[in-house]
Structure formats: structure tokens, C-alpha cells
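What follows is a single structure, written as C-alpha cells, with notes after it.
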Amino acid sequence: MTLPKAHNKPIRFFKGGVLHTLHDVAPDRTLLEVLREDLHQAGTKEGCGEGDCGACTVVLGSLQAGKLQTRAVNSCIKLAHSVDGMALWTVEDLAAPDGRLHPAQEALVQCHGSQCGFCTPGFVMSMAALCEQVGAKPITRDIAQHALSGNLCRCTGYRPILDAACRMQTLPPMALDTPALRQQLKDLARSAAAETAPLTKPAKAAKSAAGLRPGSARPFAQQTDSAYLAPTSLPELLTLRHAHPDAQLVAGCTDVGLWVTKQHRQFARVLDTTRVAELRQVERYSHHIAIGAAVSLQDAFAALVKDRPQLQSFADRFAGLPVRNAGTLGGNVANGSPIGDSMPLLIALGSNVVLASVRGYREMPLEALYTGYRQNCMAADEVLAYIKVPRPQRGELAHAYKISKRTEDDISAVCLALQLHLQGGKVVRASIGAGGVAATPVRASATEAALRGQAWTEATVQLAMDTLRAEFSPISDMRASGNYRRQVLGNLLWRFWLESQGHIATDIHRLDLELHA
Ligand SMILES: Cc1cc2nc3c(=O)[nH]c(=O)nc-3n(C[C@H](O)[C@H](O)[C@H](O)COP(=O)(O)OP(=O)(O)OC[C@H]3O[C@@H](n4cnc5c(N)ncnc54)[C@H](O)[C@@H]3O)c2cc1C
Ligand code: FES
Ligand code: FES
């Protein structure tokens, strides 16, 4: 199919400190394609092409509130235009001009961390990002494992690779010249802003616990003819969404990227939410936190964990680090997969979503967003703007559990999140979200009713387990059978009960995975 050609703005980014300008790159071209085919930088490998193996890992640098942030991402599912204005490093950019290896590379050599070498550039990039991020903090095995959670190796085995990640810090450092890079990025942003200055000043999209003001509907004419639209303010995004309801809306592209690489879908125009300042913020109010739809999964979970530290192990189970760095909370919620992980948790915590368009805002409980399998009630000119998550109150018991075949980088077979409020040993409020058991993420209303007003005892829990197993009719698929899913749902409620009684040994996330050689 030939799609009508829209105007492609040039992409400008620093790679290894050198400014690159690429012209006429189609909006749905991936960063990996551009690196390998246009820039002939073939060190970055393609393994799976779907964000799973990490062979394509690169490091991106961008300014966040004036500070340089470096993060490892999968280039195979990242759209090339999304790195406009950023700094980028591939494995070709790490060694010094005199040939001295970066500590990540040298440590892999010393620890025999590579056999066929296909995965190695990806590991090197994740390790280089870790090196940059930890500074002087010692890299433990646990930290290394976390940083490498998005990288698979088929032949070396992980022990020497983890050894190498821990050894990096003992080698002569090769740190970035951060002040110079910050200046380069600022200059680049300034020149881009001068070229694409909006015709009208965006209205301030004020947001508070009480209410939200709609965005300006005035045109931002200099942006609108571009095939890759990357607005920087909410009013601008809403105006563009109104003007281009057919444009493919993208955030981190960790779902949409697979539509490109696996389903070969083409987009004549893309509308990217990830530069919209209002949508990249987490705001804390006394009763709730408002998480912008374009906040990365990594930052969104950090915000949730700040209020409820017990959720850390659940947060770490979401994909691998490069996917959490690129993907957003808004993308997970809007995509509405029945096996998406954030929604059961957000439902259990009583979260609302705020949808925005040039017509105004509307707010609803998260579960009300979904109308069917991967369908939602968002109008063609609407975007998901914020997710509002209530803060914990006294007497809250809350946890979330994910059951998948692999611990890291795997999709749920079943996900269950629970929040109870206890008073005098009685359940006064129960809120339960479930994934993998219906066509959409769902609230377990019957089980909530079975718990409400009851004493929090083993007998109550046993009855509620029966209700929970009977409440849904999950399908059987490659991840699990319907019967298994039903059984596990009840078992997870049992685990929640045991944990509430102090039997923490049932929590597998608390096992010490440290290897003692
Ligand atoms: C290897 C791998 C592992 C994964 N593991 C998990 C996992 O463990 N758990 C899990 O739940 N998911 C997982 N995912 C899926 C994916 O990472 C998440 O769904 C992610 O949150 C999507 O966010 P995104 O920003 O990348 O969305 P995108 O891919 O950019 O967009 C997804 C959808 O949301 C829409 N959208 C995005 N932002 C908005 C907005 N503001 N308003 C309206 N619509 C919007 C897009 O139009 C699109 O339809 C995994 C993906 C990969 C590749
Ligand atoms: S090629 Fe496997 S994650 Fe990108
Ligand atoms: S060295 Fe061969 S896949 Fe890792």
C-alpha cells in the first residue's frame, strides 16, 4: 500500500559527541534501521525485533529539568524521530580514540563474558548506562542483575557477564563530559525552538486536585504539516490531535513498535506525546498523585513505590529495564491489554484517568475506560492526560502479584492486586484489580463484596477465594489454561492473607538471589 507522503522534518542528534542531521526519514522508521542501514553502524544488532532480547540496546541522553539523564533503550522498537534533540551512544562510541576500551568492554573481556558475541553490544550498552548512572555507588550483583534485566544471552551464561558488570568500577573510568554535553543539548534545543516557534503562546494547562483547564484550540501551524509531530505542550498536543485524529498516537512505542516490526504496519503521520511537558510530570497532592501519561514506567513505578514501598518487587517484574525506560504508564493504560500489569494495581488503588481534548477534560475510574478487548471510550480527538492515584490511608493493606513463566521480562499469565482497609480486625473497604482473567483489566467486584464488612480471618479468606475463582471465566492460551488461572487467583488471595499475618517466607521476591561462589 502506498501512503500519502507528508513532510519529514530532519532528525538531529548527537552520536558519540558528533551532531548528525538526517533528512527524509519516514515517521515509522525504527532507530535500529537508521543506525544500521543509513549510518552503517552495524555494531548494534537485531535479535528479536520486539524488545525482548536486548541485542539492539543503545543509550540515550536527554535533558530532564536541566539535568542530563542517560537511559538504555531498545532501538529496534524505537522510532528514529523520537531521538531528535537527544544524545545517543552505540557500541561504536565507547572506546577512547586511542583504542582504550570502555570499562564495560574491558570487564567483559577480562571476565570472559562473551562467546558468539551477538548479545555482547547490547550488554555493553546496558553496562555502560549503569556505569554512568551509579557514579561512586558500588555495583552489587543485585544492581547488575536489575540493569541487565532486558538483555538475553544464549551461550555465555550470565555468571561471567554479571561478574563483569560488578568489575567495571575497579577499572580506570571513562566518564562522559556531562557539562559539555548538557550545553550541546541546550544549544540544539534552542535552535530547534527557534525554527518551530508556535504562532501562538500555549495557554497554561493548569492542573490541580480540584480541576483541569482545557487546552487552547488555536493552531500551531508550523508543526501541523510534519509527518512526525512532537508537540511540547498539552494545548499543542490537543490541537494537533484535533487536527489529525488519524495520526498514530505514540508514547514510548514499546507496544506500537511491534506493530511496525512484526505486523509491518505503516503510519503516514505519527503524533508523539513524550515531549509534552505537562504529561511528563508526577505531581503529589495530599490525597493523590497525578502521573502524567508520558511519564516513563520506571519513573511512574518509582512514584508509586515511594508511597507504597512494598510494590518495588512488583515494579521490577514489569518487562526489563530498557522497556521500562522507554515505555510509559499512559501507554500501558491506553493500550488496555488484558494482561497489562499496571492496570490491576491502579484499579485496586482506586485510580482515576483524566482524558483531555480541545473540548475539555473528563475524569473516570480507570476500569470505566475499557469497553471491550483492547477497546476504550476515548474519542478520536482525546488523549489520556493523567492517572490519578489515591495516596495510602491509615489501615491500608495493599499488594500486587504477577504470575509469569519467567521472572524477568515476561508478560503476566495472571496478575492480582489487592487493597484492603481494616478497622478493628474488620474489612471496611476492599478493592481488587485482576489481569489475565477477562477481555479487559477488571475489578473483582463480587470478591470485594464477599470481603466487605467481614472479619479479616482465615475463614473469610477461604470463602473469598472461592468467590474469586468463580468470578471470572479466563481463557486458555499459550501462557496458561483457564483452570490454572482460576486456581492461581485464589492462591494469590491466600498469599496476601499469609503475608498480612507475617508469613513473609511466601514472598518469592524476598529470596536472596545473590550467588555465593
Ligand atoms: C519486551 C517487552 C516486555 C513487555 N513487558 C510488559 C509487562 O511485563 N507488562 C505489561 O503490562 N506490558 C509489557 N509490555 C508492553 C508495553 O511495554 C507496555 O504496554 C507499555 O506501558 C506501553 O507504553 P508505551 O509508552 O510504549 O506505549 P506505545 O507503544 O507508545 O502506545 C501504546 C498504545 O497506547 C496509545 N497511547 C499512548 N499514549 C497515549 C495517550 N497519552 N493517550 C491516548 N493513547 C495513548 C497508543 O496510541 C497505542 O495505542 C512489554 C513490551 C515489550 C516490548
Ligand atoms: S532486537 Fe531484540 S530487543 Fe531489539
Ligand atoms: S555470547 Fe552468544 S548470545 Fe551471548
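Whatever order the structure lists ligands and atoms in, that order sets their numbers, starting from 1.
Near Gly51, the atoms of ligand 2 lying under 4.0 angstrom from a non-hydrogen atom of the residue are 3 (S).
In this structure, atom 20 (C) of ligand 1 lies nearest to the protein heavy atom Thr254 OG1, 3.3 Å. The closest protein non-hydrogen atom to atom 22 (C) of ligand 1 is Asp255 OD2, 3.1 Å. The closest protein non-hydrogen atom to atom 10 (C) of ligand 1 is Phe318 CZ, 3.1 Å. Counting only heavy atoms of the protein, atom 3 (S) of ligand 2 lies nearest to Gly54 N, 3.1 Å.
For a threshold of 3.5 Å applied to N or O pairs, the pair formed by Ala326 and ligand 1 contains no separation below that value. Considering backbone and side-chain atoms together, Gly257 places no N or O closer than 3.5 Å to any N or O of ligand 1. Checked against a 3.5 angstrom limit, the closest N/O atoms of Asn332 and ligand 1 fall inside it. Checked by distance only, ligand 1 and Asp341 come closer than 3.5 Å through their nitrogen or oxygen atoms. Checked by distance only, ligand 1 and Asp52 stay at 3.5 Å or farther apart across all their nitrogen or oxygen atoms. Polar contact check, Asp409 against ligand 1: no nitrogen or oxygen pair lies under 3.5 Å apart. On a distance-only criterion, Leu384 and ligand 1 share at least one N/O pair closer than 3.5 Å. Residue Ala251 has at least one nitrogen or oxygen atom sitting less than 3.5 Å from a nitrogen or oxygen atom of ligand 1, judged on distance alone. The N/O atoms of Val383, backbone and side chain alike, include none that comes under 3.5 Å of an N/O atom in ligand 1.
With no hydrogens or angles considered, a side-chain donor-acceptor pair links Thr274 and Asp272 at under 3.5 Å.
Here atom 34 (O) of ligand 1 lies nearest to Gly331 when heavy atoms of Gly320, Gly331, Ala294, Gly435 are compared. Between atom 52 (C) of ligand 1 and the options Thr261, Val323, Ile77, Val276, the minimum heavy-atom separation is to Val323.
Among residues two or more places apart in sequence or in another chain, the salt bridge (charged side-chain N to carboxylate O under 4.0 Å, His left out) test is passed with Arg241 by none.
Any protein N/O/S atom under 2.8 Å from atom 4 (Fe) of ligand 3 was counted, giving 2 altogether.
Here the CZ atom belonging to Arg495 is positioned 6.5 Å from the OH atom belonging to Tyr401, to the nearest 0.5 angstrom.
With respect to the salt-bridge test (charged N to carboxylate O, under 4.0 angstrom), the residues Arg167 and Asp163 do not qualify. Salt-bridge formation is detected for the pair Arg362/Glu382: a Lys NZ or Arg NE/NH1/NH2 atom is positioned less than 4.0 Å from an Asp or Glu carboxylate oxygen. Note on Arg29 versus Asp38: salt bridge recorded, some NZ/NE/NH1/NH2 to OD/OE distance being below 4.0 Å. A salt bridge links Arg359 to Asp381: one of the charged nitrogens lies within less than 4.0 Å of a carboxylate oxygen. A salt bridge is absent between Arg275 and Asp84: the closest approach of a Lys/Arg side-chain nitrogen to an acidic carboxylate oxygen does not fall below 4.0 angstrom.
At a 4.0 Å heavy-atom cut-off, ligand 1 touches Gln248 through the side chain alone. For Trp259, every heavy-atom contact with ligand 1 shorter than 4.0 Å involves the side chain, none the backbone. Residue contacts with ligand 1 for Leu279 are absent, since no atom lies close enough (heavy atoms, distance under 4.0 Å). Under 4.0 Å from ligand 2, the heavy atoms of Asp52 that appear belong solely to its backbone. Of all the heavy atoms of Ala319, the ones lying under 4.0 Å from any atom of ligand 1 are found in both the backbone and the side chain.
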